[in-house]
Structures are given as C-alpha cells and as structure tokens.
Number of protein chains: 2
Amino acid sequence: MARKTKTSSDRPTLVDVAREAGVSAITVSRTIRSPGIVSDKARRKVEEAIRRLGYTPDPAASALASRSTSTIGLLVPSLTNNVFSDVLRGVYEGVQGTRYFVQIGNYRYSALEEEGLIRNFLSQRPAGLIVSSMDQTPTGRRLLETAPCPVVQIMEIAEGAVDMSVGFDQLAAVRAGAQHLQECGYRRPGFLSARMDPRAQRRLAAFREFAEGAGMLDDRRIITTPQPSSVGMGGHLLEQLLSQAPDTDAVMCNNDDLAVGALMEALRRHIAVPGQLGICSYNDIEMARHMVPALTAVATPRREIGSRAIAMLLAEIDNPGSVTERRVDLGFEMMIRESTSRR
Amino acid sequence: MARKTKTSSDRPTLVDVAREAGVSAITVSRTIRSPGIVSDKARRKVEEAIRRLGYTPDPAASALASRSTSTIGLLVPSLTNNVFSDVLRGVYEGVQGTRYFVQIGNYRYSALEEEGLIRNFLSQRPAGLIVSSMDQTPTGRRLLETAPCPVVQIMEIAEGAVDMSVGFDQLAAVRAGAQHLQECGYRRPGFLSARMDPRAQRRLAAFREFAEGAGMLDDRRIITTPQPSSVGMGGHLLEQLLSQAPDTDAVMCNNDDLAVGALMEALRRHIAVPGQLGICSYNDIEMARHMVPALTAVATPRREIGSRAIAMLLAEIDNPGSVTERRVDLGFEMMIRESTSRR
DNA sequence: TTGAAAGCGCTAACAC
DNA sequence: GTGTTAGCGCTTTCAA
C-alpha cells in the first residue's frame, strides 16, 4: 500500500516543510524545538516555509518519537469546590504561554478513582503531575513514587511527600481559627464540617485537640455530615448544632460555604452575630468578606498553591534536579472581621 | 542503532502481549478495540496476556496510527465563574466511564485567545470540541466549520450555529426576569452587569428593549463595568446606581455574584429588600436561595447544558450523523422567592 | 476470523 | 551546524 502521493486533505508534515525550505527534516524539527542551535539562515528559511504551508506539528507523532508529551496532569477531588477552582486558576495562569497544557482529572473524593486516574495519566506519559492530596491508596502512592516524571503534591505540608510539595499547615490554620475565637472571649465553640474527606477529618481532629487543651471541648458541638458542603448545608448544620447545644456561642466552619450558610441561618433566627454567636470561616473566598457582618476567616493561599506548584513542576521538567526547595510552605493568614468582633 | 532487545524498564507493547498470547499484534489490537470480532479463544488468551504483563496501550502510538485521539476539547471563557464550573461538572459526569477524556482551554473572554486555542486543540486531532460561545473570530469560526470532528456550541440558542448547539434563550431569560419585576409592581428597575462580554451585552440589550417597551427605561439605571464580576463588585455597582438614581426601586442583576453583593450592600444601607428594593438574580447558583431574604432568580440549566453537550458529542463521534436534534433548547425557569415579593 | 506488511509524523543517535 | 538512518507502538490495508 504505497501511498507516495499525499492526499490534498492531509495536513503538511515536517517533511513537507523540509522540502519547501530546502533542508532536512531534522533541521525543521530543531528549528521548532531549539531555534538556538540552528543557523540563522536555515532558521529563516524554515520559519518562512512553516508560515507558507501553515504547518502545525503533530503532538502524537512527537510524543511517540520522544516518549513524552506536553501534558501536565492535575488531579482534583472536586470541580465544584471553590477551593479547587482557585487552585486551578493559579495553575492555568502558570502554564499560559508555555508549551505545556493541563489536563484535569476529577476523582470525586475517592482514593480508588484517584488511583485509576493516576494510572490513566501515567499511560499518557505526562510531562508532570500535580495531585491534591497525601491520601493515595498504597498502590496509588507507589505509582507516584515510581512515576517517570516530576510530581507535586499540593494543599498540605506534611512529612513523607512523594516528591515535591506545596501547601500550608492545615492543622495550624484550624488551630489559629479556634484560638482566635477563644481570644475573642467565646468559651463554647462548635465545629461545622461537611464532606469529611481525610483532610476534613484531620482538621476536625486539630480543632478537638485545641479545644480540649483550652478546656472548651464538648462533643455535642461537633456537627459533621458526609454529604457535600454547600451554603444550605451550613444552615442545616447550625440548626442541628443549636438544637443539640443551644448555649453554643461560636462556630468554627470548615469552609466558606458552611460559614455563609450558618450566618444566614443565624440571621433567619435573629441570633446576633457576633454578639450571641461568633463565626469563623475557613479558606476565605471572595464572598466571605462581603457578607454582613463580614466573615472572619482563616485565609488559605489557594491560587498561590496552584501557581507555585506549576512553577516548580515546569522548572523540574526543564531541568531535573534544579528545584532545591522541594517542600514549600505558603502559610495562611487570619482575616479578622466583624463576625467575631464582640464589641 | 539496533535495539532489538528491550530494556527491562520499558513498558510492555502490543507485540509483547501478542508474543505472550501466541497471536499476532493486530489480533491484540482488535481484542482491545472491538472484542466482538475476535474469536472467543483468541480473546481469552489475549486478555490473560494483557493481565499478566500489565499492559496499557500507548495513546500516542494509537493517535499517530489512527489519526485521531480520545481527547475532547472544552473551551470556556473563565474558570472562576460559577456558571462554567457547573457546566464543567455536567461535562465530566458525562465522560465518566467512557474512553474519552476532557481537556479544558480557558480563553479568558478573549476571542483571539479562543482562536488560538481552537487551532491548538485541532492540532491534537480531538475526537470532538465543545465551545462556550457563538462569538468566535471569523477565522475561529472557519476553523470550527471545517473541523474534522463534531463540534457543540453551548450556552446560547441562536441561528447559525457551526454544527450542534445546546443552550437556552438568554434574551428571553432576561426578559422574564424584568417582566417579573414589573409584575411585582416595581416601576423604576435598574440593571447591574460586570465583565461585559458579548453575551452580557446582548442581555443588557434585551433588558433595555423590554424596559423601553414597558415605559420603564432610564439609562441612569444601567450600571456596567468591564471588570470581572464578583460579590464585592455587586455592592459597588448598587452603590453607584443609587447615587445616580436614588429612586430606583428594583435591580435586575446579570448574575448571582452581583445579586448577592447588591443584597449585602442594601443590608448595609438598611434598605429594605424587597420592600424598598426588589432584586432579581440570574443563573441561580445554590447560594442564591439561601440568602436572607432568599433571592428571586432566573435559573439557567448549566449542568444540564454540560451533560447534554457531551452526550450529543459522544453520540455523534460514535455514529456520525446519528444525532438528529442538533439544536437543543433546555429552557430556563423563574425562581420566585422573597427578594421580589412585596407584601 | 486472522495475519503480514507498510506506514502514521516525528525524534534519538550517530556521523559528517 | 546539518544530515542520515532507524525506529517509537500502534492501526490500516490487503490478502488469506
């Protein structure tokens, strides 16, 4: 099946460009990938030919020949969660203008699905991988450890990262929120949390530990649900909290949706915030500071995590081993606003 | 450079599987792609060999040989916008469990960037394309028209779609909101809008037209900004509206962020909603109905658009020409709540 | 139903 | 700095 003559519908190939420019195919290839090592004269001829033919490289052929792609895999547990949409934004800002592109995998808070996605991504020979947790299955973790590409774990700072990591101390962040509540004079704080993925569980544990140490722990005030977080859920959880422990005087919410929902529920019940009830939120998405009263929140560096992660990854791809700071703590910030400022 | 002996680190290939199973490579390929046309005996042997070797196909090689990939390109104007995160969710739900995967391109409300992304996606030989607007550059549009794969345009329903389309009548939706305001007895309605992309402009035009017809048009009450939409911006815009036209008695907001921001600003100024000021929102993300007072909104079928679009695309990919309903109107719904119910 | 041969369009490796 | 050669791991085509 000799198909020596090209059909007109076929797009031009490297060889076509080479012929047009009067050079060899490899020179065209080099002109595209590292213009620096090609003579000015050749480069100009090639560039001209590319323009004339409207040539675009075929990524599949390139991937096959070079055994690597320009794909960066990004694994997130949720697409609806505001937290990850901010991370996403940071990541996309960072790949803008590079030759890489991001592919998102949503594992819906399931470590098993995450493992499947890791496998799937790896089969595509990605240039790098960003994963949003430390809670892989053992197999998932092994796959990451032996991955033939750099890997960045994001969101948390913890011992035993697979390769690089960018995040902040989530437990210290919760503690800071709880402590702030204490410093404002609240003595009977509750904790509201939805979804209860491993990270949420850890944050709850940190809260309990702090509350216990401060002599403020009361399990009736810990309200959680495995269901997804939402504004409506925040209202429900507060309702439940107040029916179980009516003397509660503050709530630490495990994210902004919940805090906004709790605030609205308080409004509905004519409970004065911050007078009768203090509310501290977690993450601090834009909406939080515009509520009335404005929500005090532990602000987390979501976008920065995304942009930093991609920066590290790209540096490591371009120049393996060049990233010396392989574990980056971006910190968090207490945003003290009206919802906790008693008098 | 004869590398006849495979390095141990190399992953197994089709040929390895074929050898292991005692069949030819093409039989393995067929077993994977269309098990039906292979004999039971051969199939079993191949499946067993695949398992034993832990074989995973190389998508790059497959793409190169077959001249097509399993990538579905999804172009969105924004990643932070809640509207598109809902669409995204619908799309991802729809590809779950298929052999396709989605790649997102963010063109940041720039038709020029969109054109670049279309070009870029096309160079990857995608299985299909979903684009979020009708507002391509002429070149962008041409690229879509001649694309060698099915294309779905989403969000709007309009004449002259490139190929398939799924959405709703955005202009009728705005009109419905404005009319609702009128029916509630509001006579001096304003309009708040940010970002002002072509779609936002069209919606504003629809509002003006309706208001004019109803004898309620007053240009002082039309407040827009090219800046991105946010809750904070909603507050600013309402502030501006009230300083320019203090007798305004209602606002139609071009999306939920703005509406929430306007509501908070009203709260801050002790303006009674809905008594002194009616607020109607657009899109109706979850948060809207949990505000106090709950926001009346034009609910748009964002997730459904995503899942329907991917369903149509997959059907068309598997079976070109099989999709008969190539223009799907998913409608919208008025959610009448407290923020417009005077007495 | 199965197989052999011939590429898909690019890059690695080595020579010049 | 540039070219030649030999694949990368699949699928297509054609023949059996």
Side-chain angles (χ1 to χ4, degrees), chain A residues 1-7 9-46 49-50 53-70 99 123-125 127 148, chain B residues 1-7 9-46 50 53 55-70 99 123-125 127 148:
Chain A
M1 50 137 281
R3 184 150 72 68
K4 283 270 104 89
T5 55
K6 313 207 58 114
T7 329
S9 81
D10 279 346
R11 41 195 249 194
T13 72
L14 210 56
V15 173
D16 297 328
V17 176
R19 192 181 309 121
E20 178 83 10
V23 297
S24 72
I26 191 69
T27 298
V28 179
S29 176
R30 289 203 263 250
T31 306
I32 292 166
R33 288 178 301 153
S34 21
I37 67 166
V38 170
S39 71
D40 278 15
K41 185 152 145 279
R43 182 156 40 68
R44 260 193 302 277
K45 282 193 296 183
V46 170
I50 288 177
L53 265 43
Y55 169 75
T56 340
D58 183 331
S62 167
L64 181 57
S66 68
R67 280 170 218 69
S68 86
T69 64
S70 302
R99 64 181 208 87
S123 80
Q124 292 178 59
R125 309 179 184 277
Chain B
M1 50 139 280
R3 184 152 72 67
K4 282 269 101 91
T5 54
K6 312 208 56 110
T7 330
S9 81
D10 277 348
R11 42 192 251 195
T13 70
L14 210 55
V15 172
D16 296 329
V17 175
R19 193 182 308 121
E20 178 83 10
V23 298
S24 72
I26 188 63
T27 298
V28 178
S29 175
R30 290 202 262 250
T31 306
I32 292 166
R33 288 178 302 152
S34 21
I37 66 166
V38 170
S39 70
D40 278 15
K41 183 148 146 283
R43 183 156 38 70
R44 260 193 302 276
K45 282 193 296 185
V46 170
I50 287 177
L53 264 41
Y55 169 74
T56 341
D58 183 332
S62 167
L64 180 56
S66 69
R67 281 170 219 72
S68 85
T69 65
S70 303
R99 65 180 206 87
S123 81
Q124 293 179 56
R125 307 177 184 279

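Throughout, protein chains are lettered first and strands after them, A, B, ... in sequence-line order, and every chain is numbered starting at 1.
OP1 or OP2 of C:dA12 has not a single side-chain nitrogen or oxygen of A:Ser66 nearer than 4.0 Å. In this model, the phosphate group of C:dG9 is not approached by any side-chain N or O of A:Ser62 to a distance below 4.0 Å at OP1 or OP2.
Between A:Gly22 and A:Lys45, the shortest heavy-atom contact is O-NZ, 4.3 Å.
Side chain to side chain, A:Ser29 and A:Arg33 meet the donor-acceptor criterion of an N or O pair below 3.5 Å. Residues A:Arg125 and A:Thr69 have side chains that never bring a donor and an acceptor to within less than 3.5 angstrom of each other.
Straight-line distance from the CG atom of B:Asp58 to the C1' atom of D:dG7: 14 Å, rounded to whole Å. Put simply, CZ on B:Arg11 is 9 Å from C1' on D:dG9, counting in whole angstrom units. Atom P of nucleotide D:dC10 and atom CD1 of B:Ile50 are separated by 10 Å, given to the nearest angstrom. One interatomic measurement links the two molecules: CD1 of A:Ile37 to P of D:dG3, which rounds to 12 Å at whole-angstrom precision. To the nearest angstrom, C1' of C:dC8 lies 4 Å from CG of B:Leu64. Whole-Å rounding puts the B:Asp40 CG to C:dT2 P distance at 10 Å. The interatomic distance linking A:Leu14 (CG) with D:dC8 (C1') rounds to 15 Å, in whole Å. Atoms CZ (A:Arg43) and P (D:dG1) sit 11 Å apart, rounded to a whole Å.
Within the 4.0 angstrom heavy-atom criterion, no nucleotide atom of any strand lies near A:Ala63. Backbone-only engagement by A:Ala42 is indicated by non-hydrogen atom pairs under 4.0 Å involving sugar-phosphate atoms exclusively. Nucleic acid contact class of B:Val15 (heavy atoms, under 4.0 Å, all strands): none.
Taking every side-chain heavy atom of A:Pro57 into account, C:dC10 is the closest of D:dG9, C:dC10, C:dT1.
B:Thr56 is linked by a side chain to side chain contact (heavy atoms under 4.5 Å, CB included) to A:Ser123, counting only residues two or more places apart in sequence or in another chain.
Within residues 21-33 of chain A, the residues having any heavy atom under 4.0 Å from DNA chain C are, by residue number, A:Ile26, A:Ser29, A:Arg33.
Put simply, the side chain of B:Thr31 gets close to the backbone of B:Thr27: a donor and an acceptor are under 3.5 Å apart. Checking side-chain atoms of B:Ser34 against main-chain N and O of B:Ile37 turns up no donor-acceptor pair under 3.5 Å.
Looking at heavy atoms from C-beta onward, A:Arg30 lies in side-chain contact with A:Ile26 at the 4.5 angstrom threshold. Two residues are said to be in side-chain contact when any heavy atoms from C-beta on lie closer than 4.5 Å; B:Thr13 and B:Asp58 fail this criterion.
Here the rule is side-chain contact (heavy atoms from CB on, under 4.5 Å) with A:Ile32, and of A:Val46, A:Val17, A:Val38, A:Ile50 only A:Ile50 fits it.
Five base pairs at each end of the helix from C:dT1-D:dA16 to C:dC16-D:dG1 define two local axes, and these are offset by 20° (rounded to 10°).
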